[in-house]
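The structure appears below as structure tokens.
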Amino acid sequence: MDLSLTPEEQAFREEVRAFFRDNVPAGIKKKLSENRHTTKEDMVEWTRILHKKGWAVPHWPKEFGGTEWTAVQQYIFNEEMQATPAPPPLPFGVNMVGPVIYTFANEAQKKHYLPRIANLTDWWCQGFSEPGSGSDLASLKTKAERKGDKYIVNGQKTWTTLAQHADWIFCLVRTDPAAKKQQGISFLLIDMKSKGITVRPIVTIDGGREVNEVFFDDVEVPAENLVGEENKGWDYAKFLLGNERTNIARVGMSKERLRRLRELAGSTQAGGRPILDDPKFREKLAAVEVELKALELTQMRVVANEGKNGKGKPDPASSVLKIKGSEIQQTLTELMLEVAGPFASPYDIHGDDNTNETMDWIAQIAPTYFNYRKVSIYGGSNEIQRNIISKAVLGL
Amino acid sequence: MDFDLSEEQRLLKDSVDGLLNDSYDFEQRKKYGAEKIGWSKAVWGKLAEQGLLGLPFAEADGGFGAGAVETMIVMQAFGRALVLEPYLPTVVIAGGFLRHGGSAAQKAAHIPGIIDGSKTFAFAQLEKNSRYDLSDVSTTAKKKGDGWVIDGEKFVVLNGEAADTLVVTARTKGGQTERDGIGVFLVPRTAKGVTVKGYPTQDGMRAADITFTGVEVGADAALGDPANGLPLIERVVDEARTALCAEAVGAMDESLKITVEYIKTRKQFGVPIGSFQALQHRAADMFVFTEQARSMAMLATMASDFNDAKERAASVAAAKVQVGKSSKFVGQQSIQLHGGIGMTMEASIGHYFKRLSIIESTFGDTDYHLRRASEAGGII
Ligand SMILES: Cc1cc2nc3c(=O)[nH]c(=O)nc-3n(C[C@H](O)[C@H](O)[C@H](O)COP(=O)(O)OP(=O)(O)OC[C@H]3O[C@@H](n4cnc5c(N)ncnc54)[C@H](O)[C@@H]3O)c2cc1C
Ligand SMILES: Cc1cc2nc3c(=O)[nH]c(=O)nc-3n(C[C@H](O)[C@H](O)[C@H](O)COP(=O)(O)OP(=O)(O)OC[C@H]3O[C@@H](n4cnc5c(N)ncnc54)[C@H](O)[C@@H]3O)c2cc1C
């Protein structure tokens with residue numbers, strides 16, 4: 001047993017750290033540490049920087065632009081990226097549909113889509129959830145009927161993150177209404193410019209616009225946009241959701257938030273001294289630090305295991321990462337809110353676009369707290385994670 | 001970055017597990033606990049035979065030169081079986097004092113007896129008013145000729161009745177809470193002026209309150225620097241805390257296992273109660289708490305190799321915080337999920353709960369270590 005990194009891994013960490021330090025555009029870094037949203041242009045700019053370095057899709061196979069890093073190197077890369085902070089690559093392409101395409105799609109699809117994902121030529125969004133199908137995703141109703149060399153798609157997706165920027169959407173659609181729930185589902189790639197698609201914003205409780213409803217009204221999709229086999233989509237979706245969970249602990253990000261929290265608590269006065277010097281506050285801070293340290297170690301254990309068992313096999317223990325990771329992220333936003341105190345209240349009229357550079361960043365504290373309730377809901381809610389542990393780990 | 005055991009460590013684990021499988025089920029444990037000293041000399045002899053009592057000592061001193069990971073392996077296994085024998089006070093604590101602070105003569109005098117199982121030790125540290133503060137010492141050691149005279153009272157000394165030798169913390173100078181002036185002394189339990197009042201503890205062991213009245217010991221009784229022994233005490237107690245964290249993880253593992261098995265078989269409303277989601281989620285949370293505790297017990301174990309003493313201490317404090325929180329949750333919920341049967345002496349689960357509860361308040365509880373971690377300036 002040994003916690004330390006090998007000299008090669010340490011050197012790698014230094015290299016990655018220096019790269020992030022020197023290459024994340026200052027404006028983007030500032031937005032991230034102040035919890036403001038990045039724009040589409042920010043994301044494209046940053047992805048191109050990563051891409052030029054050859055680091056846009058490090059976990060992909062080498063032939064599609066991957067780096068063949070070990071699980072530990074991949075872990076170091078993610079941690080350093082979050083801790084800088086640098087924007088994580090848009091997950092819908094890089095972490096979700098990309099791996100589905102290189103694992104299950106045909107050669108023509110791989111050749112066409114993968115390079116465009118890697119440098120963010122195409123902005124992808126995820127069309128899984130529907131109004132009637134959240135945790136019980138397999139009950140989805142959006143249907144695709146085969147007519148000659150086309151599918152005709154009708155139905156509605158919802159909670160579609162950043163669909164307003166999207167060029168493409170990957171959808172789970174029902175292709176066989178007669179089959180049992182999971183068996184009649186297919187995985188379809190749909191051009192957002194297709195006739196019959198309507199995107200309607202959903203305003204979230206923080207006043208932000210990150211999610212949307214997407215309506216499909218007789219949308220024609222070329223049959224060649226089907227991934228893999230018809231009615232096998234559920235298998236691909238399970239593969240995709242399994243990949244989603246391993247990256248969800250966000251330890252590096254929470255470390256960065258913790259630094260930020262300490263900074264703010266050190267510069268905010270209460271009772272003639274900084275809040276940071278209040279013993280009660282310090283103990284709350286220490287408590288969340290202990291949780292975060294434990295999570296970091298648990299994550300390292302999962303990563304070390306992945307190194308041994310081979311990539312892409314999600315460890316059921318990664319549900320622990322999702323549960324604790326989201327709880328810690330939420331606690332940190334809560335402590336931020338506590339530090340901001342009465343000054344958290346004023347609502348910024350620019351809150352809905354989140355891009356106003358002149359906005360006092362303290363105005364983002366309450367919205368972030370509100371917004372972060374999402375992290376225990378999406379990516380498989382924390383209750384669903386407990387179901388997974390109780391079935392897959394405890395055998396109940 | 002590697003969390004695996006080496007081949008040798010795996011063999012050690014198999015051998016401890018094997019020994020306990022053969023000789024430490026719940027009924028056997030009851031028998032051992034009923035012996036006058038509160039534990040079994042026969043089992044202690046087996047631990048000696050398998051070399052477990054000599055693990056951490058240097059090969060030059062007759063030991064195996066094993067490290068913190070080996071202690072973790074042993075303590076985790078002991079936690080799973082709720083072992084009563086005085087491994088912590090003898091091998092971990094007295095052994096730690098001898099290894100880190102003992103003179104060549106002291107090592108030669110005491111280590112062989114530990115390794116061959118003929119001698120056990122106890123750590124007489126807690127006082128009426130000291131609570132968890134290691135620098136709060138009222139017991140005195142006054143110079144007399146070459147030797148020392150010890151006066152004072154120590155409480156809840158684990159294995160205090162049966163130990164051959166007591167490791168006693170006593171003040172050689174300074175006020176009650178001063179960091180300077182604390183010494184460590186090796187005192188024979190049968191020395192003149194030592195009065196031992198033994199009793200059973202809540203978790204099935206035996207401890208004692210011990211009074212020292214004009215106890216005279218020689219110059220060779222002082223272990224390390226009698227004027228500045230606190231750093232040594234802090235180091236050894238951190239090792240004891242680390243060992244306790246591992247023991248607690250073992251006890252949590254077993255609690256979760258017993259509880260999950262129970263709710264799979266116990267039927268109410270015509271179905272196993274493990275089919276109720278309210279209980280499934282509770283069990284899932286027990287798993288989360290146990291894994292977080294395991295991670296931190298590993299951190300504390302690996303911290304013994306950290307160069308920075310402050311970082312080492314902060315890591316142990318943080319581990320004790322997580323283990324304390326996890327122990328409480330897992331212990332309490334184990335009883336809850338068992339229903340009425342969990343309340344009985346007859347079922348093993350309650351005994352795990354009791355041991356976990358007492359570990360929490362041994363060498364500093366959750367709040368104490370939270371403060372310690374916080375005063376160290378955080379651990380992230
Ligand atoms: C900000 C945000 C962004 C999102 N982005 C996307 C996106 O880009 N693409 C996309 O497809 N989806 C997205 N989602 C949707 C997300 O995946 C769903 O919200 C999630 O699957 C939960 O579904 P639901 O909201 O319908 O809640 P429900 O499934 O209705 O759940 C409601 C409550 O019931 C609990 N519950 C449900 N089933 C069980 C069970 N079996 N046992 C115990 N408790 C249960 C849940 O844990 C939850 O607490 C996003 C959601 C949010 C909030
Ligand atoms: C100290 C003590 C004194 C008592 N005195 C008396 C007395 O004087 N007279 C008397 O008649 N009885 C008495 N009882 C018995 C008491 O009423 C039962 O212990 C109680 O009804 C629980 O039943 P059980 O112990 O069989 O647990 P179980 O019913 O087996 O329950 C075990 C666990 O499963 C949970 N559980 C059970 N069903 C469900 C469900 N549907 N959904 C979710 N969770 C569930 C329970 O909450 C519990 O956590 C006493 C018990 C104790 C501990």
Looking at chain A, which one of [options] has the largest number of heavy-atom pairs inside 4.5 Å, strictly under?
{"options": "B/Arg371, B/Gln277, B/Arg294", "result": "B/Arg294"}
{"options": "B/Leu256, B/Val288, B/Leu5", "result": "B/Val288"}
{"options": "B/Asp2, B/Val321, B/Thr301, B/Val69", "result": "B/Asp2"}
{"options": "B/Ile379, B/Thr366, B/Asp367", "result": "B/Ile379"}

When you check the side-chain N and O atoms of [X] and [Y], is any donor under 3.5 Å from an acceptor?
{"X": "A/Glu256", "Y": "A/Ser33", "result": "no"}
{"X": "B/Asp4", "Y": "B/Gln9", "result": "no"}
{"X": "A/Asn382", "Y": "A/Ser326", "result": "yes"}

> Does the pair B/Phe3 and B/Met302 meet the rule for a side chain to side chain contact (heavy atoms under 4.5 Å, CB included), with working shown?
Replying inline: CA-CA 10 Å; B/Phe3 295 85; B/Met302 291 185 272; 3.8 Å; yes
Of the backbone (N, CA, C, O) and the side chain (C-beta and beyond), which part of [X] lies under 4.5 Å from a heavy atom of chain A, both, or neither?
{"X": "B/Leu279", "result": "neither"}
{"X": "B/Val260", "result": "both"}
{"X": "B/Lys257", "result": "neither"}

> Got A/Leu332 and A/Arg260 here, is their nearest side-chain heavy-atom distance under 4.5 Å?
Replying inline: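 When only atoms from C-beta onward are counted, A/Arg260 and A/Leu332 do not touch, as no gap falls below 4.5 Å.
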Counting heavy-atom pairs under 4.5 Å with chain B, which one of [options] comes out on top?
{"options": "A/Glu383, A/Arg282, A/Arg259", "answer": "A/Arg282"}
{"options": "A/Lys391, A/Glu289, A/Arg301, A/Glu283", "answer": "A/Arg301"}
{"options": "A/Thr298, A/Val320, A/Thr6", "answer": "A/Thr298"}

[X], part contacting chain B, at a heavy-atom distance under 4.5 Å:
{"X": "A/Leu285", "value": "neither"}
{"X": "A/Leu3", "value": "both"}
{"X": "A/Lys324", "value": "side chain"}

> Taking the six-membered ring for Trp, are A/Trp69 and A/Phe12 parallel (under 30°), tilted (30 to 60°) or perpendicular (over 60°)?
Replying inline: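 Judged by the thresholds at 30° and 60°, the geometry between A/Trp69 and A/Phe12 is perpendicular.
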> To the nearest 0.5 Å, how far apart are OG1 in B/Thr71 and CZ in B/Phe78?
Replying inline: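 These two atoms lie 10.0 Å from each other.
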> Yes or no on salt bridge (charged side-chain N to carboxylate O under 4.0 Å, His left out) for B/Arg241 and B/Asp238, after CA distance, side-chain angles and deciding distance?
Replying inline: CA-CA 5 Å; B/Arg241 290 169 177 141; B/Asp238 266 348; 2.8 Å; yes
>> Less than 4.0 angstrom from a charged side-chain N to a carboxylate O is my criterion; do B/Glu261 and B/Lys264 meet it?
In response: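 Looking at B/Lys264 together with B/Glu261, the answer is no, because their closest N to O distance does not fall below 4.0 Å.
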